[in-house]
Amino acid sequence: QVQLVESGGGSVQAGGSLTLSCAGAGNTYSSHCLGWFRQAPGKEREAVASIYTRDGSTYYADSVKGRFTISRDSAKNTLYLQMNSLELEDTAVYYCAAVPKLLPPWRALKDAEYIYWGQGTQVTVSS
């Protein structure tokens with residue numbers, strides 16, 4: 001069983017930065033693909049970014065490209081999401097997720113593929 005624990009959420013002004021962490025992620029046996037997803041109030045959960053533990057390939061939702069960076073530290077078993085130039089629309093609960101199989105690239109941002117999930121961390125961006 002994989003336990004994922006997010007941290008690093010909080011309140012920030014638009015244009016600011018936050019870094020989210022997900023402890024417990026990155027075991028290459030159980031987590032071939034790692035991802036960040038988010039859900040805003042009244043909206044469906046959406047993908048933010050994903051990374052393959054095998055080769056470090058990354059995939060981003062169009063809405064965050066150029067602003068967010070996903071990375072992992074295998075030694076610390078931790079997944080990160082560096083978020084820069086935050087916008088009001090980035091306000092959401094952010095979840096990290098993992099799946100013990102190598103997804104094809106066109107499935108890397110599909111939340112239905114992921115089977116392990118953290119409890120989420122709130123990110124609030126204000127003007």
Side-chain angles (χ1 to χ4, degrees):
Q1 185 73 11
V2 176
Q3 265 196 317
L4 305 175
V5 181
E6 301 96 336
S7 62
S11 297
V12 63
Q13 286 192 319
S17 299
L18 277 177
T19 299
L20 305 183
S21 300
C22 177
N27 179 300
T28 54
Y29 173 76
S30 60
S31 307
H32 288 303
C33 294
L34 303 169
W36 285 100
F37 297 81
R38 67 186 182 186
Q39 187 166 21
K43 295 187 176 181
E44 292 187 354
R45 186 168 58 194
E46 63 176 3
V48 176
S50 64
I51 185 168
Y52 288 175
T53 58
R54 184 181 66 178
D55 62 5
S57 296
T58 56
Y59 304 90
Y60 293 93
D62 289 342
S63 59
V64 306
K65 279 181 183 176
R67 300 188 299 121
F68 291 10
T69 302
I70 187 172
S71 63
R72 59 184 280 266
D73 186 329
S74 57
K76 295 182 178 180
N77 232 24
T78 301
L79 178 70
Y80 301 98
L81 184 69
Q82 173 67 44
M83 304 185 294
N84 299 324
S85 302
L86 282 160
E87 303 170 353
L88 299 179
E89 294 74 21
D90 295 319
T91 295
V93 177
Y94 284 71
Y95 300 91
C96 66
V99 58
K101 66 178 181 179
L102 186 60
L103 300 172
W106 57 90
R107 301 296 298 177
L109 293 175
K110 299 297 184 182
D111 60 347
E113 295 284 359
Y114 290 79
I115 63 172
Y116 301 115
W117 291 84
Q119 82 290 348
T121 185
Q122 176 71 46
V123 172
T124 303
V125 184
S126 60
S127 58

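Throughout, numbering of the chain's residues begins at 1 and tracks the sequence.
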Exercise. Just wondering, do Tyr52 and Pro105 contact through their side chains at under 4.5 Å, heavy atoms?
Worked result: yes
Exercise. Side-chain contact, heavy-atom cut-off 4.5 Å: Ser57 with Ile51?
Worked result: no
Exercise. For Leu4 and Cys22, which heavy atoms make the closest approach, and how far apart are they?
Worked result: CB-SG, 3.8 Å
For this session: Check side-chain contact (heavy atoms from CB on, under 4.5 Å) between Ser126 and all other residues, then give those that pass, not counting sequence neighbours.
Result: Gln13
Exercise. Any sub-3.5 Å donor-acceptor pair from Tyr94's side-chain atoms to Gln39's backbone N or O?
Worked result: no
Exercise. Looking at Ala23 and Thr78, what are the two nearest heavy atoms and their distance?
Worked result: CA-OG1, 4.2 Å
Problem set entry | Listed partners of Ser17 passing side chain to side chain donor-acceptor pair (under 3.5 Å), at least two apart | Asn84
For this session: Flag the pair Arg67 / Asp90 as yes when at least one side-chain heavy-atom distance between them is below 4.5 Å, and no otherwise.
Result: yes
Problem set entry | Val5 side chain near Gln119 side chain, heavy-atom distance below 4.5 Å | yes
Exercise. With no hydrogens and no angle check, is any side-chain donor or acceptor of Gln122 less than 3.5 Å from a backbone partner on Gly10?
Worked result: no
For this session: Consider only side-chain heavy atoms of I, L, V, M, F, W and Y, link residues closer than 4.5 Å, and tell whether Val12 and Val48 are in one cluster.
Result: yes
For this session: Quick one: pull up CE in Met83 and CD1 in Ile70 and give me the separation to the nearest 0.5 Å.
Result: 12.0 Å
Exercise. Once you round to the nearest 0.5 Å, how far does NZ of Lys101 lie from CZ of Arg107?
Worked result: 8.0 Å
For this session: Could you grab the distance from atom NZ of Lys76 to atom OG of Ser21, nearest 0.5 Å is fine?
Result: 9.0 Å
Problem set entry | Over all atoms of both residues, closest heavy-atom pair of Tyr116 and Pro100 | CE1-CD, 4.0 Å
For this session: State, to 0.1 Å, how close Ala49 and Leu81 come at their nearest heavy-atom pair, and which atoms those are.
Result: CB-CD1, 4.4 Å
Exercise. Does the Thr121 side chain pair with the main chain of Gly9, one donor and one acceptor, at a distance under 3.5 Å?
Worked result: yes
Problem set entry | Point-to-point distance, once rounded to the nearest 0.5 Å, from CG of Leu20 to CD of Gln82 | 9.0 Å
Seminar exercise, completed: Distance col, row Thr53:OG1 vs His32:NE2, nearest 0.5 angstrom, shows 6.5 Å
Exercise. Can you name the nearest heavy-atom pair linking Arg38 to Val64, along with the distance?
Worked result: NH1-CG1, 4.1 Å
For this session: Locate the shortest heavy-atom distance separating Leu109 from Ala61; write the atom from each residue and the value.
Result: CD1-N, 4.0 Å
For this session: Mind checking the CG-OG spacing from Leu86 to Ser11? Nearest 0.5 Å is all I need.
Result: 11.5 Å
Exercise. Mind checking whether Tyr114 and Phe37 have parallel, tilted or perpendicular rings, split at 30° and 60°?
Worked result: perpendicular
Exercise. Run the side-chain contact (heavy atoms from CB on, under 4.5 Å) check on Leu34 and Arg72 step by step: do they pass?
Worked result: CA-CA 9 Å; Leu34 303 169; Arg72 59 184 280 266; 4.2 Å; yes
For this session: Kindly assign one of parallel, tilted or perpendicular to the pair Tyr95 and Trp117, based on the angle between their ring planes and the thresholds 30° and 60°.
Result: perpendicular
Problem set entry | Within the 6.0 Å centroid threshold, strictly below: Phe68 and Trp36 | no
